[in-house]
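Because only heavy atoms are used, hydrogens play no part in the values below, and waters and symmetry mates are left out as well, while side chains stay in. Remember, it's a predicted structure, so these values are computed and weren't measured experimentally. Each chain gets a letter, A, B and so on, in the order the sequences are listed, and its residues count up from 1.
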Number of protein chains: 2
Amino acid sequence: MKDLAKFIKALGDASRLAIIHAIGQSSCSVTEIIQKTELSQTLVSFHLRTMRETGIVTTRRDGPFIFYRLTAPELYGLIGELSRVAGFENDIARATPYFEIVNYKRR
Amino acid sequence: MKDLAKFIKALGDASRLAIIHAIGQSSCSVTEIIQKTELSQTLVSFHLRTMRETGIVTTRRDGPFIFYRLTAPELYGLIGELSRVAGFENDIARATPYFEIVNYKRR
DNA sequence: TACACATATGAGTACATACTCATTGAATAA
DNA sequence: TTATTCAATGAGTATGTACTCATATGTGTA
């Protein structure tokens with residue numbers, strides 16, 4: 001059974017927000033996601049699995065690559081709204097609304 | 001200190017969603033929240049604490065009562081949007097108190 | 001004062017989750 | 001075939017979190 005709490009919980013992690021930010025509203029291969037987020041391959045794969053299972057992302061294979069995209073592209077903007085509502089509007093990036101939204105840490 | 005992932009994580013729990021639903025866009029005393037959610041006093045208090053600390057709710061004392069409200073009332077609608085985007089509009093959650101969040105109307 | 005009511009808090013527990021490392025599988029090219 | 005690249009998976013660990021029970025604190029009234 002689908003569960004809203006579970007879905008939202010799957011959004012509430014810095015690494016997964018970084019992945020969502022990397023994907024944006026188009027799509028990305030896993031390799032691209034790894035490069036953009038600077039997270040390890042294993043960790044990206046680990047998170048993509050739960051994001052697949054909660055329906056946040058869907059996949060398409062193209063040769064050796066697997067492309068991920070948001071199942072609902074509007075989700076990207078909604079997370080931006082959440083960020084604004086949470087009071088993050090004065091963070092680093094008002095001009096690039098969705099960049100500072102994702103406050104993921106670099107390694 | 002502020003952290004979007006932490007904020008969203010604090011939304012991703014069924015008990016806390018129930019509390020948010022109970023509060024709605026106005027405010028409620030803890031006693032009212034307990035009655036509406038049918039959660040234990042201790043558990044409600046436990047969750048309200050983390051919701052206070054993440055800035056989801058704010059409080060006002062009135063005599064022996066402490067009233068809680070959403071710091072940002074728009075959050076209520078946004079959760080409805082998330083629910084719709086997640087594809088819950090026809091979910092079994094119709095029978096539960098979470099339903100009204102699920103069926104929040106767009107502006 | 002004493003008492004009742006409203007709410008918060010500390011301790012303890014069981015489970016969930018994020019992460020790393022090592023390995024495996026799947027697709028392609030030489 | 002072998003080798004290479006892309007991606008997923010299993011095991012192990014450490015931390016986080018949701019919850020319960022008992023207790024404490026705050027507030028108003030008799």
On the nucleotide [N], are OP1 or OP2 found under 4.0 Å from the side-chain N or O atoms that [X] carries?
| X | N | result |
| --- | --- | --- |
| B:Tyr68 | C:dA6 | no |
| A:Thr31 | D:dA7 | yes |
| B:His47 | D:dT17 | no |
| B:Ser15 | D:dA18 | no |
| B:Arg61 | D:dT27 | yes |

Can any side-chain N or O of [X] pair as donor or acceptor with the backbone N or O of [Y] at less than 3.5 Å?
| X | Y | result |
| --- | --- | --- |
| B:Thr54 | B:Thr50 | yes |
| A:Thr37 | A:Ile33 | yes |
| A:Arg61 | A:Gly63 | yes |
| B:Thr71 | B:Ile56 | yes |

Under-3.5 Å donor-acceptor pair between B:Thr42 side chain and D:dA22 base: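 Between D:dA22 and B:Thr42, which were checked side chain against base, a qualifying N/O pair under 3.5 Å is present.
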
Can you tell me whether the side chain of B:Gln41 and the base of C:dA8 have a donor-acceptor pair closer than 3.5 Å?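 Under the 3.5 Å cut-off, the side chain and the base do form a donor-acceptor pair.
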
So what does A:Thr50 hit on the nucleic acid, given a heavy-atom distance under 4.0 Å: a base, only sugar-phosphate, or nothing?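 Result for A:Thr50 = nothing.
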
Between [options], spot the one nearest the side chain of [X], thanks.
| X | options | answer |
| --- | --- | --- |
| B:Leu43 | D:dT27, C:dT9, D:dT20 | D:dT20 |
| A:Pro64 | D:dA8, C:dT28, C:dA6 | C:dT28 |
| A:Asp13 | C:dC19, C:dC21, D:dC19 | C:dC19 |
| B:Ser45 | C:dA8, D:dG26, D:dA8 | C:dA8 |
| A:Arg16 | D:dA18, C:dT7, C:dA18 | C:dA18 |
| A:Phe46 | C:dA18, D:dA7, C:dT7 | C:dA18 |

Can you find a pair of side-chain heavy atoms, one from A:Cys28 and one from A:Tyr68, that are under 4.5 Å apart?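 No. Closest side-chain heavy atoms not under 4.5 Å.
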
Among A:Asp13, A:Ile20, A:Leu11, which residue meets the side-chain contact (heavy atoms from CB on, under 4.5 Å) test with A:Met51?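 Answer to the side-chain contact (heavy atoms from CB on, under 4.5 Å) test with A:Met51 among A:Asp13, A:Ile20, A:Leu11: A:Ile20.
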
For a stem of at least 3 consecutive Watson-Crick or G-U pairs with distances under 3.5 Å, i pairing with j, i+1 with j-1 and so on, which stems involve DNA chain D?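 Ordered by first number, the stems with DNA chain D (at least 3 consecutive pairs each) read C:1-30 with D:1-30.
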
Starting from [atom2] on [N], measure out to [atom1] on [X] and report it in whole angstrom.
| X | N | atom1 | atom2 | answer |
| --- | --- | --- | --- | --- |
| A:Leu48 | D:dC6 | CG | C1' | 13 Å |
| B:Ile19 | D:dC19 | CD1 | C1' | 13 Å |
| B:Ile33 | C:dA8 | CD1 | C1' | 14 Å |
| A:Gln35 | D:dC6 | CD | C1' | 12 Å |
| A:Asp62 | C:dA27 | CG | P | 12 Å |

On DNA chain C, compare the nucleotides closest to B:Arg49 and B:Lys9; which residue's is nearer the 5' end?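 Taking each residue's closest nucleotide, the earlier one in sequence belongs to B:Arg49.
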
ILVMFWY cluster, A:Ile19 and A:Ile66 together (side-chain gap under 4.5 Å):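 Both belong to a single hydrophobic cluster.
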
N-O pairing of B:Glu32 and B:Lys36 below 4.0 Å: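 A salt bridge is absent here (no side-chain N lies under 4.0 Å from a carboxylate O).
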
